[in-house]
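Since the structure comes first, as structure tokens, the remarks are kept for the end.
Letters A, B, ... mirror the listed sequences (proteins, then strands); counts begin at 1.
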Number of protein chains: 2
Amino acid sequence: MLSRASKYAILSTLYLAEHASKEKKMSVKKIADAIDVPSPFLAKLFQQLVHAKIISSVKGPNGGFYITKKNGDKTVCDIIENIDGLHKLNECFLGLNECDGENPCPVHFIVEPFKKSILGKFRDKSILEFSKEVADNGRFLTLKHLDLD
Amino acid sequence: MLSRASKYAILSTLYLAEHASKEKKMSVKKIADAIDVPSPFLAKLFQQLVHAKIISSVKGPNGGFYITKKNGDKTVCDIIENIDGLHKLNECFLGLNECDGENPCPVHFIVEPFKKSILGKFRDKSILEFSKEVADNGRFLTLKHLDLD
DNA sequence: ATAATAAAAGATAATAAGGTCTTTTTATTT
DNA sequence: AAATAAAAAGACCTTATTATCTTTTATTAT
Ligand code: FES
Ligand code: FES
């Protein structure tokens, strides 16, 4: 449904929201290591996100990426829109050209509410709210295999 | 979530279930044309499905593919399992290595019930039942752009 | 000013997914 | 028996995605 690129971008942005700030910027390398994402690839993705004003960046020593209040109002939806395009969230589960009630596939009426629900969450919650939720629940959104024992 | 290959395989098999029988076998070409799927690609997919005894085939003149009662008891789940592998239906929506309640991502509790529900449908309904449902509702499961006016 | 640091930009490479083509085998019809 | 039709098998090509590398530019600390 989402490309790996979008997933990387989402996880990394949430990580950034939780761990960086204007005062404590973070380099791609650090973030990439933390959540186990290929760092040159992430660099590309972050470029796009800066362009879309979803995150901020400063070059040079002590530079790096961070998230301002204003950035934080952006949504996961905005990330997806900029990396994959929103249509990726609205495709028919079985690949029909149109996903709607007019000529629905056999699972449409299961898929439709799910899509509505997830799109809603991605659109209505800001990135900061998402990241707060993650932190409050003590979650680690990393691709690294963690041994949590 | 599902690869295009799986989607093609599912749509084509449902088409086959509705339109072919031991007495009226169908060639790849015909099916591919009907639902607008690349025919050599479909041929490959059908090979795998025959191997997995999900559909049947006979070579030579008036040969082709068809579905027996026994085939018809197979499920969409079986198709997915043979083309993509079932794990494709159980991945984390945001790409985490494990999708479970232990370290869930922010959308896990929306995704989880959806996955359960769709997996249930794919596992409990036979291909014949699915295809009957499609026929009864007068649906066309094709990738061709239909002008339904 | 200079050196160092980190992002931006763009070119390039590797891999995987999707798609096609050719030859072989098997069954059917004439 | 010969011709033909269709699937099986496998090699091959194309495109998109994922990933990396190199150069340039901006910023900061010395
Ligand atoms: S038509 Fe297939 S999911 Fe909506
Ligand atoms: S952990 Fe992300 S969907 Fe289950």
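Atom pair B:D33:CG and D:dA6:C1' shows a separation of 15 Å (rounding to whole Å applied). Nucleotide C:dT5 holds its C1' atom 14 Å from the NZ atom of A:K30, rounded to whole Å. In this structure, CG of B:D36 is placed 14 Å from C1' of C:dG19, rounded to the nearest angstrom. Rounded to an integer number of Å, the gap from CE of B:M1 to P of C:dA17 is 16 Å. Nucleotide C:dA6 holds its P atom 14 Å from the NZ atom of A:K59, rounded to whole Å. Taking atom NZ of residue A:K25 and atom P of nucleotide C:dT5, one finds them 16 Å apart after rounding to whole Å. Taking atom CG of B:L49 as the reference point, atom P of D:dA7 lies 13 Å away to the nearest angstrom. Protein atom NZ of A:K24 is 16 Å distant from nucleotide atom P of C:dA6, rounded to whole Å.
For A:F46 and A:P61, each mapped to the nucleotide of DNA chain C holding its nearest heavy atom, the one lying further toward the 5' end belongs to A:P61. Sequence order on DNA chain D of the closest nucleotides to B:V58 and A:G63 puts B:V58 first from the 5' end.
Separating the CZ atom in B:R4 from the CG atom in B:L2 is a distance of 13.0 Å, to the nearest 0.5 Å.
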For this session: Assign a letter to each nucleotide of nucleotides 9-21 of chain D from its 5' end: B, base within under 4.0 Å of a protein heavy atom; S, sugar-phosphate only; -, no contact.
Result: BB-------SBB-
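A cation-pi contact, defined as under 6.0 Å to the ring centre and within 45° of the axis, is absent between B:K22 and B:Y66.
There is no side-chain donor-acceptor pair under 3.5 Å between A:D73 and A:S126. No side-chain N or O of B:T142 forms a donor-acceptor pair with one of B:D36 less than 3.5 Å apart.
Remark: A:S57 is not in phosphate contact with C:dA6, judged by side-chain N or O atoms under 4.0 Å from OP1 or OP2. Distances shorter than 4.0 Å separate some side-chain N or O of B:N62 from OP1 or OP2 on C:dT29.
For B:K132, the NZ atom is loosely surrounded, since the number of other residues' heavy atoms within 6.0 Å does not exceed 12. The local environment of NE2 in A:H87 is crowded, with over 12 non-hydrogen atoms from other residues, nucleotides or ligands closer than 6.0 Å. Residue B:K115 places its NZ atom among more than 12 non-hydrogen atoms of other residues, nucleotides or ligands, all under 6.0 Å distant.
The side chain of A:V50 lies closest to C:dA8 when the candidates are C:dA8, D:dT28, D:dA6.
Nucleotide C:dA6 has D:dT25 as its partner under the Watson-Crick or G-U criteria, with both atom distances under 3.5 Å.
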